[in-house]
Structures are given as C-alpha cells and as structure tokens.
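What you see below is based on every heavy atom in this structure, not just the backbone, and it leaves out hydrogens, waters and symmetry mates. Throughout, numbering of the chain's residues begins at 1 and tracks the sequence.
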Amino acid sequence: MFSRTERVMGKNNLELLSNCNIAVLGVGGVGGYVAEMMVRLGVMNITIVDFDVIDVSNLNRQIVALNSNIGCYKVEELKKRLLDINPNCKVLACNEKLTKDNVPSLLNQNFNFVIDAIDYIFAKVEIAKFCTQNNINIISSMGTGNRYKQIPQFEVTDVFKTSYDKLAKKFRKLLKEQNITSLTVCYTKQPPEETKALGSVVYYPLMCAGTIVSFVINKLLNNN
C-alpha cells in the first residue's frame, strides 16, 4: 500500500516513519484528519485519545462522523477506520478526558511526537506543561472555527508570535503562568467571523491538520 509513498520519500524514510510512535489528543475536526493522514503515511504506532461521542453536528466536518455511527465513541470508531486502512498498524484508543491527573500516565509512552488537537484550554496547558518538562516534541492546534472566507492559510510558529486568534491569546496567558515561554502551534492569521455561537466548515480544520502533519513528518525525517 505504500509503493507510491516510497517513490517520493524513499524506503529508508518510510521505515523510519513505521517505527515512530505518535499521540493524537482529540480526534474531532483537526485530530481525526491528523490520525488518518499519519496512518496513510506509514506511521505504524499511534495512540488516539478522546472521550466524546459522535453527534449529528459532527457530520459537517469530522472524518470519523457518519450517520451509521452517531452516538458511538469517537476513538473506537476512528480505530476501526484506521485499522481498515492498514490492519498492520497498532492503534491504542483511549476513551478518556484529558485532565491534570491523567496526562502523565497517558503521555508516558516514549512518543516521538504529541499532537494536541483538543479544545479544552486548561487540558491543553497541562499537556504543554508535561511535554515541556519531559522534552517531548509537541505541536498544538489553535482555532479553526468561525472561518469560511478565502483559501485557508495555516502556519507553524511559536504561540507567543500568534495574532488574530482568541484561543492562542488565552493560551499564551496560561502558559506564562506556568513559566512556559515557548510552544509550537499551528494557527491561521485569518480573522474569524463574528457569530453568536462557534461554528466550523470542513476545509479549515482539514487544512490545519494537513499543515500539522506535514510539519511533524518533516521533523521526524529531519528535513527541517
């Protein structure tokens, strides 16, 4: 299944990726696409963490969401999907809500990279704190909601260099309180629409996920 990937990346790089261990925290709009791309790229060891169930409102943007699995747990359904893509990969599905108490146990698995794609900002801080203290590579996704205009443009930078992102602004403040002065994030400068409630269209989380995956893969292969 990886013959076309090998033509582009080479056998050695494909073997390197197959030995990597990746964690995807949150498998909704951004995280679900991240997990699937990782498996399609040849990553053979992946841990997915989420506590939520699939809702009808997820159908507009989340790759795991189908009419046939509404009400099912996201990690369990995504695990089925990933194994249907590559039955040989090892998928650890953790149906848990990330908290201050369980972050250390969930992330204590020698991960090559942790990808934080959750929405709950206080858990994001705990994840960032643990990874920073334990020298674990991490990238966090910022806001993708309330945007639909223009072609999405995401970039990878330090959270302290971001702008036009309310989530990143709150994140910076909380990180400072934990004496964290640097953290890699993926975000867009494109300003959100002013709406009464948060909404999303599929191409923004998808483009964010693609940016994250391309960054992580090239880091793992020492290309940047």
Applying the 4.5 Å side-chain criterion to the ILVMFWY set and letting contacts propagate, would L106 and V91 be lumped into a single cluster? no
Do the side chain of D50 and the main chain of K74 share a donor and acceptor less than 3.5 angstrom apart? no
Minimal heavy-atom distance between A128 and F171, with the atoms involved, is CB-CZ, 4.4 Å
Determine, step by step, whether F2 and N86 satisfy the side-chain contact (heavy atoms from CB on, under 4.5 Å) criterion, reporting the C-alpha distance in whole Å, the side-chain angles of both residues, the deciding distance to 0.1 Å, and the verdict. CA-CA 10 Å; F2 298 113; N86 184 1; 3.8 Å; yes
Donor-acceptor pair, side chain of Y203 and main chain of Y148, under 3.5 angstrom: yes
Would I217 and L221 count as a side-chain contact (heavy atoms from CB on, under 4.5 Å) here? Give the steps. CA-CA 6 Å; I217 291 298; L221 300 179; 3.9 Å; yes
Enter the distance from I138:CD1 to K129:NZ here, rounded to the nearest 0.5 Å. 13.5 Å
Closest heavy-atom pair and its distance - T162, A168: OG1-CB, 3.4 Å
Residue pair C20 / N112: nearest heavy atoms and the distance that separates them: CA-OD1, 3.3 Å
R81/E77 salt bridge by N-O under 4.0 Å criterion: no
With V202 as reference, evaluate Q62, M207, R61 under the side chain to side chain contact (heavy atoms under 4.5 Å, CB included) test and give the passing residue. R61
With rounding to the nearest 0.5 Å, note down the distance linking CD1 in I118 to CZ in F51. 9.0 Å
Heavy-atom pair with the smallest gap, counting every atom of F130 and L107: CE2-CB, 3.6 Å
Quick check: is V39 connected to I48 through a chain of hydrophobic side chains (ILVMFWY, heavy atoms under 4.5 Å apart)? yes
Any non-hydrogen side-chain atom of S141 less than 4.5 Å from a side-chain atom of F154? no
Gap between atom CE of M9 and atom CG of L16 - 0.5 Å precision: 9.0 Å
For N67 and L59, what are the C-alpha separation, side-chain angles and deciding distance, and is it a side-chain contact (heavy atoms from CB on, under 4.5 Å)? CA-CA 8 Å; N67 272 292; L59 289 168; 3.8 Å; yes
Contact check, side chains of Y187 and T157, non-hydrogen atoms, under 4.5 Å: yes
Does V114 reach the side chain of F111, with side-chain heavy atoms less than 4.5 Å apart? yes
Expected output: side-chain D55 to main-chain N58 donor-acceptor under 3.5 Å: no
Scanning both residues in full, the closest heavy-atom pair of A209 with V34 reads CB-CG2, 3.7 Å
Rounded at 0.5 Å granularity, tell me how far SG in C131 sits from CG in L183. 8.5 Å
For T47 and C94, which heavy atoms make the closest approach, and how far apart are they? CG2-SG, 4.1 Å
Less than 4.5 Å apart, any side-chain heavy atom of E36 and any of I85? yes
Mind checking the CG-OG spacing from N88 to S18? Nearest 0.5 Å is all I need. 11.0 Å
4.5 Å side-chain heavy-atom contact, L25 and I115: no
N146 meets the side chain to side chain donor-acceptor pair (under 3.5 Å) criterion, sequence neighbours left out, with T195
Is there a chain of hydrophobic side chains (I, L, V, M, F, W, Y, each step under 4.5 Å between heavy atoms) that links L82 to M37? yes
Look only at the side chain of N69 and the backbone of A65, and say whether a donor-acceptor pair between them is shorter than 3.5 Å. no
Flag the pair K189 / E155 as yes when at least one side-chain heavy-atom distance between them is below 4.5 Å, and no otherwise. yes
Distance, nearest 0.5 Å, that separates CD of E126 from CG of N102: 10.0 Å
Could you tell me if K170 sits above the aromatic ring of F122, with its cationic atom closer than 6.0 Å to the ring centre and no more than 45 degrees from the axis? no
D116/K124 ion pair, N-O < 4.0 Å: yes
Using a strict cut-off of less than 4.0 Å between a Lys/Arg side-chain nitrogen and an Asp/Glu carboxylate oxygen, indicate whether R147 and E193 qualify as a salt bridge. no
Evaluate the side-chain proximity of I54 to Y73: yes if any heavy-atom separation is below 4.5 Å, no if none is. no
Do the side-chain N and O atoms of T99 and D101 include a donor-acceptor pair separated by under 3.5 angstrom? no
Between Q153 and Q190: side-chain donor-acceptor atoms closer than 3.5 Å: no
Look at the side-chain heavy atoms of Ile, Leu, Val, Met, Phe, Trp and Tyr, link any pair under 4.5 Å apart, and say whether L78 and L83 land in one connected group. yes
Side-chain contact, heavy-atom cut-off 4.5 Å: V156 with V185? no
Are L198 and I121 grouped together when hydrophobic residues (ILVMFWY) are joined by side-chain heavy atoms under 4.5 angstrom apart? no
Begin with the C-alpha distance, continue with both residues' side-chain angles, and end with the deciding distance and a verdict on side-chain contact (heavy atoms from CB on, under 4.5 Å) for V49 and V75. CA-CA 7 Å; V49 183; V75 288; 5.7 Å; no
Under a 4.0 Å threshold between the charged nitrogen and the carboxylate oxygen, would E76 count as salt-bridged to K80? no
